[in-house]
Amino acid sequence: MNPRTDLPPTAVATTTGVPRFTRAARWAHRTTAALTGLCVFTAACLYVPPLAQLVGRRALVVTVHQWSGLALPVPVLAALLSRAFRADLGRLNRFGPHDRTWLRAALRRDGRPSQRPAGKFNAGQKIYAAWTAGATLVMLGTGLMMWFTHLTPLVWRTGATFVHDWLALTLGIVLAGHIGMALADPEARRGMRTGTVDRDWARREHPLWRP
């Protein structure tokens, strides 16, 4: 039976949608995003004087920052219980010839779908995921060195503070870019929000993906 034509566009798109993200993946993404936002906000309160004066209670802000940072890996570790989530991580960890083609087109600013072949995740998403995972681990390690000062010598803590602060700034810039790209693609946001995407969008943006 054909979908009703009197339905609103979003409803018609849902009837032709394909599943993209499971509940575990969406939960992990939302929880990680919330914890990351909390880390960024509390860090800003610690380093930006006007925010520090506005919020006050520095000791509480430090505690919230420490525990939210420590909890960052928890959503992903919990989601590993899902087989589908582990399969998605495997796809993110594989880089093939089509990904190099995608990157060359991106560097040339060639937006034609035919020049940007991608599976379930494109090359940009794979690089972002790998970089974010590595940066999170470095932030966690340096943060622990700054938190438990008696475990490492002063020179280590000094280096850890330098790396932590500058990597945090870099992470903020990269996250802003990630959010900007998400805002520019409503269908990608719908996939993360509802778990399904429009079939035509999937064919256009991820032609090598076979749901």
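- Of the possible polar contacts, none joining the Thr32 side chain to the His29 backbone as a donor-acceptor pair under 3.5 Å is found.
- Around the CZ atom of Arg86, the shell of radius 6.0 Å holds more than 12 heavy atoms that belong to other residues, nucleotides or ligands.
- Partners of His178 under the ring-ring contact (aromatic ring centres under 6.0 Å, His included) rule, at least two apart in sequence or in another chain, are Tyr128.
- Among residue pairs with one or both ends in residues 44-75, those qualifying as ring-ring contact (aromatic ring centres under 6.0 Å, His included) are Trp67-Trp147; sequence neighbours excluded.
- With values rounded to the nearest 0.5 angstrom, His98 atom NE2 is found 14.0 Å from Arg116 atom CZ.
- Side chain of Arg157 to backbone of Met145: no donor-acceptor contact under 3.5 angstrom is found.
- With a 6.0 Å cutoff to the six-membered ring centre and a 45° limit on the axis angle, Arg20 counts as a cation-pi contact of Trp209.
- The main-chain N or O of Leu183 is found under 3.5 Å from a side-chain atom of Arg189 such that the two form a donor-acceptor pair.
- Although no hydrogens or angles enter the test, the distance criterion places no donor-acceptor pair under 3.5 Å between the side chain of Asp185 and the main chain of Ala182.
- The pair Asp88-Lys120 counts as a salt bridge, with a side-chain nitrogen and a carboxylate oxygen less than 4.0 angstrom apart.
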message: Run Leu103 and Phe95 through side chain to side chain contact (heavy atoms under 4.5 Å, CB included) and show every step you take.
response: CA-CA 11 Å; Leu103 283 176; Phe95 206 89; 3.4 Å; yes
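- Of the possible polar contacts, none joining the Thr132 side chain to the Ala129 backbone as a donor-acceptor pair under 3.5 Å is found.
- Side-chain atoms of Glu187 come within 3.5 Å of backbone N or O of Asp198 as a donor-acceptor pair.
- Arg199 contributes no side-chain N or O that, together with a main-chain N or O of Val18, makes up a donor-acceptor pair within less than 3.5 Å.
- In this structure a side-chain-to-backbone donor-acceptor pair under 3.5 Å is present from Lys126 to Arg94.
- The closest donor-acceptor contact from the side chain of Arg210 to the backbone of Pro207 lies under 3.5 Å.
- Legend: residues meeting ring-ring contact (aromatic ring centres under 6.0 Å, His included) with Trp131, ordered by chain and number and at least two apart, are absent.
- Between the side chain of Arg91 and the main chain of Phe121, no donor-acceptor pair closer than 3.5 Å is present.
- Below 30°, between 30° and 60°, or above 60°: for His150 and Phe148 the angle between ring planes is above 60°, a perpendicular geometry.
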